[in-house]
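For reference, the structure is listed below as C-alpha cells.
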Amino acid sequence: MADVPDTDLDTLPLDAWHRTRGGRMVPFAGYHMPVQYEGIIAEHRWTRSHAGLFDVSHMGQLLVPLDEAEALEKLLPGDLLAMKDDRPKYSLLLNEAGGILDDLMITRRTDGFYVVVNGATKTGDMAVLEAAGVPFAYLAEQALLALQGPEAVDVIAAHAPGVADLSFMQAGSFDLAGTQAWISRSGYTGEDGVEISLPASAADRIADLLLADERVLPIGLGARDSLRLEAGLPLYGHDLDEQTTPVMADLSFAVNKRRRTDGGFAGAERILVEIDQGAVQKRIGFTVEGRQPVREGARILDSEGNEVGRVTSGGFSPSLEAPIGMGYVATGLAEPGSALTLEQRGKLFRAAVTAMPFVPHRYHRKGKSQ
C-alpha cells in the first residue's frame, strides 16, 4: 500500500459504511480503501464458498460516443467495430512501443462505449484519450460494487429480476430494488458473480440490502488480491506495466483476429511480430516449496544462478494452502514444470512453473458453470 498522506486521499461513496462495519482503511490508488474486515483468509474462503461484496468504486467509469469506435481502435487492439451490444470485452490501452498503459473492460451500449479502467491509472488514461482527441464523459457520480462467489447471482437475482439470465461477460440495465443499475456478469476473482454500476447516492442503500442476506459479507482489498492471484489474473502496476507487451503478459487473446491482420493500433508493429515469433519474456505462474510466500520484487534465477526474471505477485493461497506467485522469465523457462530458484532478501526458495489458473475458474457460461 502506498505511503500517502491521508489528506491527499479521496474517499469512496461508501467510506463511512466501511468504517462502521469495521473495515481497516489503507491508502490505495489515491483512496482510503478497506483492506480487510474479519481477516484476509476468512474473507477469501467466504467468497469461494458464499458471496463477497467488494467496493471497487475507485475504478474509473467512462462513456465514449459510439461514433468514436475507429478513434478508440487506434489505442486498443480489440475489434470494436464488430462488438455486439451488452457484451463486455477485456482490452488493453497501449503505448506506441506496445507497452500496456492499462487493462480495462469495454462494453458497447446503446448510449456509448462504457469503459471501466483501473483506479490508479484512470487520470492518465483520460489524458491519453484527450491527447488522441477521443471525447468521453467521466461518470464520477457512479459507484461500482462487485458481488462475487457461488451464491452471488442468487442473492442479487432476488432484487434484480433477470440478472440470473446473464451468462459470463453479458451485461444489461436492471431495476435493482428501485435503482437503475448497469450489471455485468463478470468480476476479478475467478468466481461467478456480478459487477454493479449504480448512482453513488444509492450505494449505501444497495450495499445494506445485499449485506442483509446471510450469504453475503463485506470483503476487503486483501482477499481481492489473493482471489485474483489464485485465478491467475494479472494486476496492473504489478504484473502489467508500460514495459510489458500483451504477448509477454500472455494476453494475446486481447488482440482480436481482424486487428492481427489489419494492425492500426498503438504498438502494432512490435506486438504483431511477437505474436508471430514469440516474446523474449513471458508471464508465468509458479508454486513454491514450503510454506513461506515469496513476494513481488524477488529475483528469479536459473539453475546456474543467473537472474532470468522477477516476481511480480506472490502470496499464500488459502485454497491450496501453499505459496504461489506470478513473474516474468525468459521464454525458454516458461514451460510448466520448469524448475526455478527464487531469491528473497538473500534467502533461496525452490519453485516450479505451474499452469494457471491455480484454482479453476467457475464462470457461468451458456447455462452451466465453468
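Bear in mind that the values here come from a model prediction, so they are computed numbers and not experimental data.
Here the CG-CD1 distance, from Leu210 to Ile196, works out to 5.5 Å after rounding to the nearest 0.5 Å. Between atom OG1 of residue Thr121 and atom OH of residue Tyr236 there is a gap of 6.5 Å, rounded to the nearest 0.5 Å. Atoms OG1 and CE, on Thr354 and Met326 in that order, are 11.5 Å from each other to the nearest 0.5 Å.
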>> Run the side-chain contact (heavy atoms from CB on, under 4.5 Å) test on Tyr31 and Leu9 for me, step by step, so that the C-alpha distance in whole Å, both residues' side-chain angles and the decisive distance to 0.1 Å come before the verdict.
In response: CA-CA 5 Å; Tyr31 288 82; Leu9 297 174; 5.9 Å; no
>> With salt bridge (Lys or Arg N to Asp or Glu O under 4.0 Å) as the criterion, how do Asp225 and Arg228 come out once you've worked through the C-alpha distance, each side chain's angles and the decisive distance to 0.1 Å?
In response: CA-CA 5 Å; Asp225 191 56; Arg228 70 92 193 166; 3.0 Å; yes
> Should Leu14 and Ser57 be marked as a side-chain contact (heavy atoms from CB on, under 4.5 Å) after you check the CA-CA gap, both sets of side-chain angles, and the distance that decides it?
Replying inline: CA-CA 9 Å; Leu14 288 177; Ser57 299; 5.7 Å; no
>> Apply salt bridge (Lys or Arg N to Asp or Glu O under 4.0 Å) to residues Glu70 and Lys74 and explain how you reach the verdict.
In response: CA-CA 7 Å; Glu70 291 188 6; Lys74 294 178 181 177; over 6 Å; no
> Could you go step by step and tell me if Glu191 and Arg45 meet the salt bridge (Lys or Arg N to Asp or Glu O under 4.0 Å) rule?
Replying inline: CA-CA 12 Å; Glu191 291 293 330; Arg45 289 175 173 158; over 6 Å; no
>> Test side chain to side chain donor-acceptor pair (under 3.5 Å) on Arg270 and Thr245; report intermediate values, then the result.
In response: CA-CA 9 Å; Arg270 175 184 179 185; Thr245 69; 5.0 Å; no
> Given Ser197 and Gln61, is the side chain to side chain donor-acceptor pair (under 3.5 Å) satisfied, shown in steps?
Replying inline: CA-CA 9 Å; Ser197 173; Gln61 301 180 66; 2.6 Å; yes
> Given the rule in the salt bridge (Lys or Arg N to Asp or Glu O under 4.0 Å) test, do Lys257 and Asp262 qualify, once you have shown the distances and angles that lead to the verdict?
Replying inline: CA-CA 9 Å; Lys257 185 177 179 180; Asp262 296 351; over 6 Å; no
>> Thr107 vs Arg87, test: side-chain contact (heavy atoms from CB on, under 4.5 Å). Steps then yes/no.
In response: CA-CA 6 Å; Thr107 309; Arg87 300 292 181 94; 5.9 Å; no
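The side-chain contact (heavy atoms from CB on, under 4.5 Å) with Trp17 is formed by just one residue from the set Leu12, Asp204, Asp55; it is Asp204. For the side-chain contact (heavy atoms from CB on, under 4.5 Å) criterion with Ile156, the lone passing option out of Val216, Leu209, Val194, Ile206 is Val194. Looking at His364, Arg185, Gln148 one by one, the single match for side chain to side chain donor-acceptor pair (under 3.5 Å) with Asp192 turns out to be Arg185.
At least one side-chain heavy atom of Pro135 sits under 4.5 Å from a side-chain heavy atom of Pro65. Residues His32 and Val26 fail the side-chain proximity criterion, which asks for heavy atoms closer than 4.5 Å. Contact of the Phe349 side chain with the Glu289 side chain is not registered, since no non-hydrogen atoms from C-beta on lie closer than 4.5 Å. Under the 4.5 Å side-chain criterion, counting only non-hydrogen atoms from C-beta, Asp103 is in contact with Leu240. Looking at Leu217 and His50, their side chains never come closer than 4.5 Å, going by heavy atoms from C-beta outward. Here the side chains of Val128 and Asp125 are not in contact, with every heavy-atom distance at 4.5 Å or above. Counting heavy atoms from C-beta on, the side chains of Phe54 and Leu227 come closer than 4.5 Å. Here the side chains of Lys282 and Asp250 are in contact, with some heavy-atom distance below 4.5 Å.
The neighbour count for Glu269 CD, taken as heavy atoms of other residues, nucleotides or ligands under 6.0 Å away, does not exceed 12. Atom CZ of Arg299 sits in a crowded spot, with more than 12 heavy atoms from other residues, nucleotides or ligands closer than 6.0 Å. The number of heavy-atom neighbours closer than 6.0 Å to CZ of Arg19, taken from other residues, nucleotides and ligands shown, is above 12. Atom CD of Glu335 is surrounded by 12 or fewer heavy atoms from other residues, nucleotides or ligands within 6.0 Å.
For the pair Arg21 (side chain) and Ala16 (backbone), a donor-acceptor distance under 3.5 Å is absent. A side-chain donor-acceptor contact under 3.5 Å links Trp46 to the backbone of Ala51. Checking side-chain atoms of Glu43 against main-chain N and O of Gln36 turns up no donor-acceptor pair under 3.5 Å.
Aromatic ring centres of Phe253 and Tyr90: separated by under 6.0 Å.
With 3.5 Å as the limit, one finds a donor-acceptor pair spanning the side chains of Ser319 and Glu230. Counted by atom type alone, Glu296 and Thr312 present zero donor-acceptor pairs between their side chains at under 3.5 Å. Side-chain atoms of Asp241 and Thr244 form a donor-acceptor pair, as typed in the model, at a separation below 3.5 Å. Of the N and O atoms on the side chains of Gln180 and Ser173, at least one donor lies less than 3.5 Å from an acceptor on the other residue. No hydrogens or angles considered: nothing links the side chains of Arg224 and Thr189 as a donor-acceptor pair under 3.5 Å.
Tracing side-chain contacts under 4.5 Å through hydrophobic residues (I, L, V, M, F, W, Y), one never reaches Leu211 starting from Met25; they form parts of separate clusters. Put simply, Met356 and Val329 are part of two different groups of oily side chains (I, L, V, M, F, W, Y) that touch within less than 4.5 Å, one to the next. Each of Val280 and Val273 belongs to its own hydrophobic cluster when Ile, Leu, Val, Met, Phe, Trp and Tyr are linked at side-chain heavy-atom distances under 4.5 angstrom. Note on Ile284 and Val311: same hydrophobic cluster, where clusters join Ile, Leu, Val, Met, Phe, Trp and Tyr whose side-chain heavy atoms are under 4.5 Å apart, directly or indirectly. Residues Val134 and Ile106 share a hydrophobic cluster, clusters being chains of Ile/Leu/Val/Met/Phe/Trp/Tyr side chains in contact below 4.5 Å.
By the 6.0 Å and 45° rule, Arg109 stacks over the aromatic ring of Tyr114.
A salt bridge is absent between Arg24 and Glu38; no separation between the charged side-chain nitrogens and carboxylate oxygens falls under 4.0 Å. We find that Asp79 and Arg258 are joined by a salt bridge, their nearest charged nitrogen and carboxylate oxygen being less than 4.0 Å apart.
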